[in-house]
Amino acid sequence: MQFYPKVIYSFSDNMEQVEERNSLYEGRVWVDEEEIPEGSLTLMLDQVQFSDEAMYICKAVNSHGRGTRKMKLVVEDAEEPQVQFSTVEDTLVAKCISAGWYHMPKVTWRNRKEEDLSGYSKTEILEEKQDGSHRVVSTLHYPVLLHEIYTCHIEESDVLNRPVRSIHKVPKRKYHNMYNHY
């Protein structure tokens, strides 16, 4: 079986080459053309879909040379934000803040034994968009211990609005420092 890559964005002669773009990406892909003269290229993909999950290859050529970079795009319908510890009314609590936007977020807290601690948490709206989706902050009021491991899992519970997606870049190890700008 042979794989034939599809062009999702082409830029040459200081112009976007629209005729070479795959129709599946029409209106969803763009770059900041002001970065190009500085030697930087950031490809933006809007309205990410599960079908966008793939290995992407960026090839660039200019008068100074050429380069190729690979990146795997993984699309998920849930997130596990970083857990932070803080003190509320002299009590240690664990908090997490969603990066994604949800209409009806379902937040699940677990400890290292995978016990469901969600009943001890309170979730509040942090930010709201006009479409009714929002980012949330969830606080775990369980007797929190600093040496314990807690995970916060957030997913969309409204099946009509799934998936709210987060994107993870998984570069190969030898390129790990080159993806800090995406």
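- Among residues two or more places apart in sequence or in another chain, the side-chain hydrogen bond (donor to acceptor under 3.5 Å, both in side chains) test is passed with Glu115 by Asn111.
- Under the rule for a side-chain hydrogen bond (donor to acceptor under 3.5 Å, both in side chains), the partners of Glu80 that lie at least two apart in sequence or sit in another chain are His153.
- Under a cut-off of 6.0 angstrom, the local environment of CD in Gln82 is sparse, with at most 12 non-hydrogen atoms contributed by other residues, nucleotides or ligands.
- Residues that satisfy the side-chain hydrogen bond (donor to acceptor under 3.5 Å, both in side chains) test with Tyr25, not counting sequence neighbours, are Tyr56.
- Under the 4.5 Å side-chain heavy-atom criterion for grouping Ile, Leu, Val, Met, Phe, Trp and Tyr, Val31 is connected to Val29 within one hydrophobic cluster.
- Partners of Arg66 by side-chain contact (heavy atoms from CB on, under 4.5 Å), not counting sequence neighbours, listed by chain and number: Val61.
- The minimum heavy-atom distance between Phe85 and Val144, with the atom names listed, is CE2-CG1, 3.4 Å.
- Cluster partners of Trp30, using a side-chain heavy-atom cutoff of under 4.5 Å among ILVMFWY residues and allowing indirect links, are Met44.
- For the atom pair CE of Met104 and NZ of Lys106, the computed distance is 11.5 Å after rounding to the nearest 0.5 Å.
- Grouping the Ile, Leu, Val, Met, Phe, Trp and Tyr side chains by contacts below 4.5 angstrom, directly or via other members, places Leu117 with Leu92.
- A chain of hydrophobic side-chain contacts below 4.5 Å, direct or via other Ile, Leu, Val, Met, Phe, Trp or Tyr residues, connects Val107 to Val83.
- The minimum heavy-atom distance between Ser98 and Ile154, with the atom names listed, is CB-CD1, 3.7 Å.
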Show every donor-acceptor pair shorter than 3.5 Å between a side-chain atom in residues 120-127 and any protein atom, with sequence neighbours excluded, or say none if there are none.
from, atom 1, to, atom 2, distance (Å)
Ser121, OG, Ser118, O, 2.7
Thr123, OG1, Ser138, OG, 3.2
Glu127, OE1, Arg135, NH1, 2.6

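- For residues 86-95, the set of pairs meeting the side-chain hydrogen bond (donor to acceptor under 3.5 Å, both in side chains) definition, not counting sequence neighbours, is empty.
- Qualifying side-chain contact (heavy atoms from CB on, under 4.5 Å) partners for Ile149, counting only residues two or more places apart in sequence or in other chains: Arg112.
- Neither Ile97 nor Tyr150 shares a network with the other; the hydrophobic side chains, linked directly or stepwise wherever heavy atoms of I, L, V, M, F, W or Y lie under 4.5 Å apart, form separate groups for each.
- Here the closest non-hydrogen pair linking Glu79 and Gly100 is OE2-N, 2.9 Å.
- Using a 4.5 Å heavy-atom threshold, the side chains of Glu148 and Leu146 count as separate.
- At a threshold of 4.5 Å between non-hydrogen side-chain atoms, the residues His134 and Lys129 do not count as touching.
- Under the disulfide (SG to SG under 2.5 Å) criterion, the residue pairs touching residues 90-130 are Cys96-Cys152, with sequence neighbours excluded.
- Val93 is not connected to Trp109 by any chain of hydrophobic side-chain contacts under 4.5 Å among Ile, Leu, Val, Met, Phe, Trp and Tyr, and they are in different clusters.
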